[in-house]
Student: 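Pasting a structure here, questions to come.
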Amino acid sequence: MSDPSTASIVSTPSATTSTEAEPSAPVDAGLPENVRREKPRGLLGDAWRDLRRKPLFWISATFILIFILMAAFPSLFTNGDAVNGALANSRVEPSGDAWFGYDVQGRDVFARVIYGARASIIVALVSTIGTLLIGGTIGMIAGYRGGWVDSLLSRFGDIFFGLPFVLGAIVILTTFNGAGSSNNEWYIMGLVIMSLVVLSWPVVMRLMRSSVLATREADYIVAARALGAGTGRIIIKHLLPNCLAPLLVYGTILVGSFIGAEATLSFLGIGLKSPVVSWGIMISEAQNYIRVSPFLLFFPAAFLVTAVLSFVMLGEAVREALDPKLR
């Protein structure tokens, strides 16, 4: 038996309630004007908003900008000659005339440090771009196709992944740029870039492959496939934008790693060689004069460490901004 009071409440409209439909209030009613005007942001928009609040990002980005300007426009920082010198100035200590002193051959160390950024930055940036393009493309194909294609490309990548980095670079560079070879500056830099790319792309391939495997069965990918979207459109419009975050983070850190790798190979005498000016060559030339002229080692090493740390710190800041769990 139903409760008459309840029935009357349900069936009889209240006297104070209008029988006509009233327009509902907007969802953002009551919010501040600046919040209501703010448009929805995507992953990159949220990441940029988070990056702008991090002092670590601005510090590392400032140093990176300075190094890029040094590599692109060294004349903005010095008018000295980085190649020619006077033996009368051999190992003269830092002074007002030469802020960083002179090296063994009487060349201005400050000018060489400034011009040395060009080779190191170019090698690192081009190697990073090549590594991301080759490894990212192969990883995209392997993750999206799957099956025997994935197995074949993964085993092919494992072959290069199993090569020791330093040993592989020594073999490649001594084969094409051995002692006594008279190669020009750009040829030597191209060989170093090739060795870095050949030995580093499998890591990028694995990152891209794992991202694609985690994304390719998402609802929006299945919906796009059901609507008749082709493979190219699915990859470019859906997979690539959602799989770039780990590659951006790794690529930023990879630039710093390649700067250190180039310096290491040049220090061992198998990387960049004269007439190229780089921080690794300067450190290699100064190793025999550490006790008597430590400034020959200190200044190029300080610039090298600062450049590597700047890119590594930038990559760390980008990683924290792109990972929602770390915000």
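Heavy-atom basis, side chains included; hydrogens, waters and symmetry copies ignored.
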Student: Would you check if the side chain of R107 reaches a backbone N or O of A82 as a donor-acceptor pair within less than 3.5 Å?
Tutor: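 A pair under 3.5 Å: no.
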Student: Are the side chains of S200 and F258 in contact, using a 4.5 Å heavy-atom criterion?
Tutor: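 The answer is yes, as the side chains (C-beta and beyond) meet within the 4.5 Å cut-off.
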Student: Is any side-chain heavy atom of V104 closer than 4.5 Å to a side-chain heavy atom of L296?
Tutor: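 Yes; the side chains approach each other to less than 4.5 Å.
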Student: Is there a donor-acceptor contact under 3.5 Å from the side chain of Q287 to the main chain of S284?
Tutor: yes
Student: ring-ring contact (aromatic ring centres under 6.0 Å, His included): which pairs involve residues 112-152, sequence neighbours left out?
Tutor: none
Student: Any heavy-atom pair between the side chains of F160 and L199 that's under 4.5 Å?
Tutor: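 Not in contact.
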Student: Under a 4.5 Å cut-off applied to non-hydrogen side-chain atoms, are V109 and W99 in contact?
Tutor: no
Student: Quick check against the 3.5 Å criterion: does S90 have a side-chain atom that pairs as donor or acceptor with the backbone of Q105?
Tutor: no
Student: Identify, with sequence neighbours excluded, every residue that meets side-chain contact (heavy atoms from CB on, under 4.5 Å) alongside M205.
Tutor: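 side-chain contact (heavy atoms from CB on, under 4.5 Å) list for M205, sorted by chain: I138, W201.
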Student: Please tell me whether M313 and L304 are part of a single hydrophobic cluster in this structure, the criterion being side-chain heavy atoms less than 4.5 Å apart.
Tutor: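 No: no chain of side-chain contacts under 4.5 Å links M313 to L304.
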Student: Going by salt bridge (charged side-chain N to carboxylate O under 4.0 Å, His left out), name the residues that satisfy it together with R118, two or more places apart in sequence or in a different chain.
Tutor: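 Counting only residues at least two positions away or on another chain, R118 forms no salt bridge (charged side-chain N to carboxylate O under 4.0 Å, His left out).
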Student: Is it true that a side-chain atom of S120 and a backbone atom of A117 form a donor plus acceptor pair closer than 3.5 Å?
Tutor: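 Judged by distance alone, no pair lies under 3.5 Å.
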Student: Can you check whether M194 reaches I172 side chain to side chain, under 4.5 Å on heavy atoms?
Tutor: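 Counting from C-beta outward, M194 and I172 do come under 4.5 Å.
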Student: Looking only at heavy atoms, which two atoms of L132 and L247 are closest? And how far apart?
Tutor: CD2-O, 4.0 Å
Student: Once you measure the plane-to-plane angle for F67 and W279, does it fall in the parallel (<30°), tilted (30-60°) or perpendicular (>60°) bin?
Tutor: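 It falls in the perpendicular class, over 60°.
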